[in-house]
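No experiment lies behind these values; they were computed from the predicted model shown.
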Amino acid sequence: MEMKIDLNHIREHFKNDRFATEAGIVIDSVTEDQAVCSMELNEGHRNSVGNVQGGAIFTLADLTFAVHCNLAWVCGGDIGVTVGQSCSISFLKSTKGSKLTASSTCLLKGRSVSVYRISVKDDLGVLIAEMQANAFTTVKR
């Protein structure tokens, strides 16, 4: 059975993720196969040497992961909430761009443990970071 995905409902749910939303992260699109979020960069995202701070990049990747792995639950599925269990992020390049976009794909969808890959690119097409994240789905709500 295909899931009914309402982007406005998903955005409404995740507006309560205040750390990410106050960082300026926007949920751009969501399908069962992929979640995409973006962040316009500003001076508040910069570290002491002028590069985008690793925590800002991680937060973008982490929210994209959260949106994707909780899609069924947020859309009313009869499953539990999914939480991050572990992750590893590699920061590959600094950006000269003005916007970052993260895309999530599911590598393994298990009953309780799932694995996702989140790629972060800038608006110049440069791969900035790669994150692999493991998720754990809790008991039904």
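Cluster annotation: Phe136 and Phe65 are assigned to distinct hydrophobic clusters (Ile/Leu/Val/Met/Phe/Trp/Tyr, side-chain heavy-atom contacts under 4.5 Å, transitive). Leu63 and Val36 sit in two unconnected hydrophobic clusters of ILVMFWY residues. Membership requires side-chain heavy atoms under 4.5 Å apart, directly or through other members. Placement of Tyr116 and Ile89 within a single hydrophobic cluster is found when ILVMFWY residues are connected by side-chain heavy-atom separations under 4.5 Å, directly or transitively.
Residues Cys75 and Ile10 approach most closely at SG-CD1, 4.2 Å, considering heavy atoms. Of all the heavy atoms in Ala72 and Met3, the pair that sits closest is CA-SD, 3.7 Å. Nearest heavy atoms, Ala102 versus Ala61: CB-CA, 4.4 Å.
Within a 6.0 Å radius of CZ in Arg11, other residues, nucleotides and ligands contribute more than 12 heavy atoms. Within 6.0 Å of NZ on Lys93 lie no more than 12 heavy atoms contributed by other residues, nucleotides or ligands.
Side chains of Ile27 and Leu7 form a contact here, defined as non-hydrogen atoms less than 4.5 Å apart. Looking only at side-chain heavy atoms (C-beta outward), Phe14 and Ile25 stay at 4.5 Å or farther from each other. Using a 4.5 Å heavy-atom cutoff, the side chains of Asp122 and Lys96 are not in contact. Residues His9 and Val74 have side chains in contact (heavy-atom distance under 4.5 Å, counting atoms from C-beta outward). Counting heavy atoms from C-beta outward, Met39 and His45 have side chains that approach closer than 4.5 Å. When side chains are defined from C-beta on, Leu41 counts as touching Leu100, because their heavy atoms get closer than 4.5 Å. Between Lys121 and Thr101, the closest side-chain pair of non-hydrogen atoms is not below 4.5 Å. Side chains of Val120 and Leu127 form no contact here, defined as non-hydrogen atoms less than 4.5 Å apart.
Contacts of Lys15 classified as salt bridge (Lys or Arg N to Asp or Glu O under 4.0 Å), with partners at least two apart in sequence or in another chain: Glu12.
Judged by distance alone, the side chain of Asn70 and the main-chain N or O of Ala66 form a donor-acceptor pair under 3.5 Å. A distance-only check finds no donor-acceptor pair linking the side chain of Asn134 to the backbone of Gln85 [under 3.5 Å].
Between the side chains of Glu130 and Ser119, at least one donor N or O sits under 3.5 Å from an acceptor N or O. For the residue pair Thr64 and Ser104, no side-chain donor N or O sits within less than 3.5 Å of a side-chain acceptor on the partner.
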Candidate pair His68 and Val30, rule side-chain contact (heavy atoms from CB on, under 4.5 Å), full reasoning: CA-CA 7 Å; His68 200 184; Val30 183; 5.6 Å; no
Where do Ser94 and Val52 land on the side-chain contact (heavy atoms from CB on, under 4.5 Å) test, with the steps shown first? CA-CA 7 Å; Ser94 61; Val52 177; over 6 Å; no
What's the verdict on side-chain contact (heavy atoms from CB on, under 4.5 Å) for His13 and Trp73, showing C-alpha distance, side-chain angles and the deciding distance? CA-CA 11 Å; His13 175 83; Trp73 179 73; 3.4 Å; yes
Gln132 and Val115: side-chain contact (heavy atoms from CB on, under 4.5 Å), yes or no, with the steps? CA-CA 7 Å; Gln132 184 165 310; Val115 180; 3.7 Å; yes
